[in-house]
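Below: one structure, written as structure tokens.
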Amino acid sequence: MLKLKGISKQFNSLVVLKEVNLDLRKGEVIGLCGPNGSGKSTLLRIISGFERPTCGKVFLDDRDVTKLAVERRVELGLSFAFQIPRPFARLTVYENILLGCMLRYGKEEAMERAGQLLKTFDLESLADRKAENLSQGELKLLELCRSLSTEPDYVLLDEPYAALDKENTRKVRRMLRKMKGMGVGMLVTAHRTKILEGLADEIFWIELGRIGRVK
Amino acid sequence: MKGDVRVSSGYGGYGGYEGYERYEKRIKKERKILLTEFSILALLLLIAPFISGFYILWLVTLGIIYSIYTLAWNCMETMVGRTSLGHAIPFGSAGYLAAILLLYTQNSLLLPIAWLFAGFISGLLLFVLSLSRDRVAFVFVTFLIGAAIWILSPLFTITEGGSIYGGEEGFSLPSVEISTIYGIAALLLLASFLFFGIFRTSLIGLKFRSVRDDERAAKIVGVKVNRIKAYCSLISAIVTALAGGLYSLQFSHVSPEVFSIHIALFPFIATIFFRNSEMGSIAGSFILVFASNYLNSIFPQLHLLLYAILLILSPLVRRSGSFKGRFSIGSIRGGGN
């Protein structure tokens with residue numbers, strides 16, 4: 001279980017998060033909604049290790065990971081998909097995925113797994129294209145696919161639907177359902193609760209750093 | 001399963017996809033191109049001493065040494081995305097350290113140890129500077145430290161046996177026959193060529209290139225970014241120091257000029273047009289060495305004008321990607337990456 005205990009974050013005098021508690025189980029999807037600047041992304045950055053909380057702790061399967069580096073948390077089964085995709089621009093789509101697969105597997109198996117992951121998410125046709133040549137929608141799909149390449153138990157998805165047209169929103173939704181079907185625990189942020197309906201098991205609203213259950 | 005990483009649970013097979021064979025084929029093709037280039041380079045290096053007079057051989061040796069330097073420098077730029085303008089530090093300090101060691105011990109067998117040590121210390125410095133994610137700051141800080149050492153190095157003197165060594169004049173090194181230096185430099189160039197080429201096309205190299213593209217994203221796929229930076233800084237600085245040591249030996253002398261801006265900028269300028277391949281780095285270095293030599297024969301220091309023009313052009317060429325393609329046998333055949 002991914003567990004947040006009393007997470008608070010303060011930037012100088014600005015309080016961004018106040019005593020946030022949250023539990024995420026494997027296979028469960030939790031939606032986290034709120035307006036701009038409500039602290040959604042900060043919370044995900046704290047869980048993933050890019051940011052340190054002012055106080056509070058992050059537990060991953062009962063292990064305190066609050067002070068661990070990002071890479072170590074990834075090894076322990078946590079993954080993250082950025083709101084604005086951050087692909088390895090000069091590598092191919094296949095290589096982007098392969099890198100994550102190399103964390104847990106040797107050369108041959110990692111190469112096979114990367115190909116299989118692309119097939120599962122219908123990205124085979126993009127495999128040999130450099131990431132810098134992809135459209136915004138394709139980059140988003142790559143970002144999501146890459147977040148699974150390390151075979152995580154929990155994935156943090158920062159606004160996966162942001163800046164997408166209808167067609168790509170549909171593709172992303174389909175992809176997230178597949179991820180859920182694989183038994184991955186997901187914490188998904190969004191502006192509106194409606195977009196997460198049908199996907200999230202629980203939805204929380206975050207505003208002024210405080211979190212409350214919606215559904 | 002690797003190391004002490006978590007054992008994955010919910011990920012079974014996804015089906016019998018064999019698409020990775022395409023990737024393997026591409027890597028095999030790149031390696032084939034690399035080996036072809038290596039063979040051509042080896043052949044050229046083998047016949048050069050037989051068809052060149054003393055002066056041309058001396059120039060070719062200089063070109064080889066600069067090529068090793070450029071290859072090592074380029075490793076930092078193309079593998080971890082760090083443009084160093086401070087590589088004159090390992091290049092120059094290798095010669096200096098060797099000369100000082102020789103002054104006290106008179107034992108020339110210690111020269112390679114001095115070069116390696118200078119490379120190691122400079123590598124540590126580059127690594128510490130690369131820890132910040134600010135890549136522009138890295139360019140400026142390496143440049144400033146390099147320039148400071150260049151300015152301060154004439155003040156460095158040693159008194160031994162009643163004589164003063166160092167200062168503007170620098171230190172003397174033993175005179176070694178050009179054919180010997182050529183042989184050592186040629187072997188080092190071939191080894192560097194093969195090492196950097198295989199490294200670039202390997203899965204380990206892929207991890208390095210992920211750091212080049214995006215450090216944060218690299219962390220998210222489990223790449224240990226700081227370890228990668230440490231390895232790259234050390235490899236790059238040590239190979240640069242070996243080149244710098246040979247450079248000082250070729251001139252039988254080392255002076256503050258080895259830290260000059262001209263030395264610091266050389267690999268940057270040599271790789272302006274073709275920086276994505278080992279052959280490109282070598283071609284760029286040779287062209288620059290021979291062009292500089294020709295220009296200097298017309299008017300002293302005229303090569304600086306060439307440097308200035310290329311530096312002015314560099315933002316245009318590097319950003320527009322006009323020459324982004326690999327300069328390699330493969331690209332000439334249309335099979336490059």
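Sequence lines set the chain letters: A, B, ... in the order given, protein chains first and strands last, and positions in each chain run from 1.
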More than 12 foreign heavy atoms under 6.0 Å from [atom1] of [X]: is that the case here?
X         : atom1 : answer
Arg227(B) : CZ    : no
Ile84(A)  : CD1   : no
Lys5(A)   : NZ    : no
Phe143(B) : CZ    : no
Asp62(A)  : CG    : no

From CA spacing to verdict: salt bridge (charged side-chain N to carboxylate O under 4.0 Å, His left out), Lys207(B), Glu95(A): CA-CA 10 Å; Lys207(B) 285 190 179 183; Glu95(A) 287 170 328; over 6 Å; no
With chain A, which of Ala217(B), Ala218(B), Gly222(B) has the greatest number of heavy-atom pairs at distances under 4.5 Å? Ala217(B)
Euclidean distance, [Y] [atom2] relative to [X] [atom1], rounded to 0.5 Å:
X         : Y         : atom1 : atom2 : result
Ser149(A) : Ile220(B) : OG    : CD1   : 10.0 Å
Thr78(B)  : Arg90(A)  : OG1   : CZ    : 8.5 Å
Lys219(B) : Arg86(A)  : NZ    : CZ    : 10.5 Å
Glu71(A)  : Asn226(B) : CD    : CG    : 7.0 Å

Looking only at non-hydrogen atoms, find the nearest pair between Asp213(B) and Ala89(A) and report the distance. OD2-N, 3.1 Å
Heavy-atom check, side chain of [X] versus side chain of [Y], under 4.5 Å:
X         : Y         : answer
Lys224(B) : Arg72(A)  : no
Leu91(A)  : Arg212(B) : yes
Leu98(A)  : Leu206(B) : yes

For Phe50(A), is the NZ or CZ atom of Arg216(B) found under 6.0 angstrom from the centre of its six-membered ring and inside 45 degrees of the ring axis? yes
Engaged part of Val211(B) at the chain A interface, taking heavy atoms whose separation is under 4.5 Å: neither
Do the side chain of Asp214(B) and the main chain of Phe88(A) share a donor and acceptor less than 3.5 angstrom apart? no
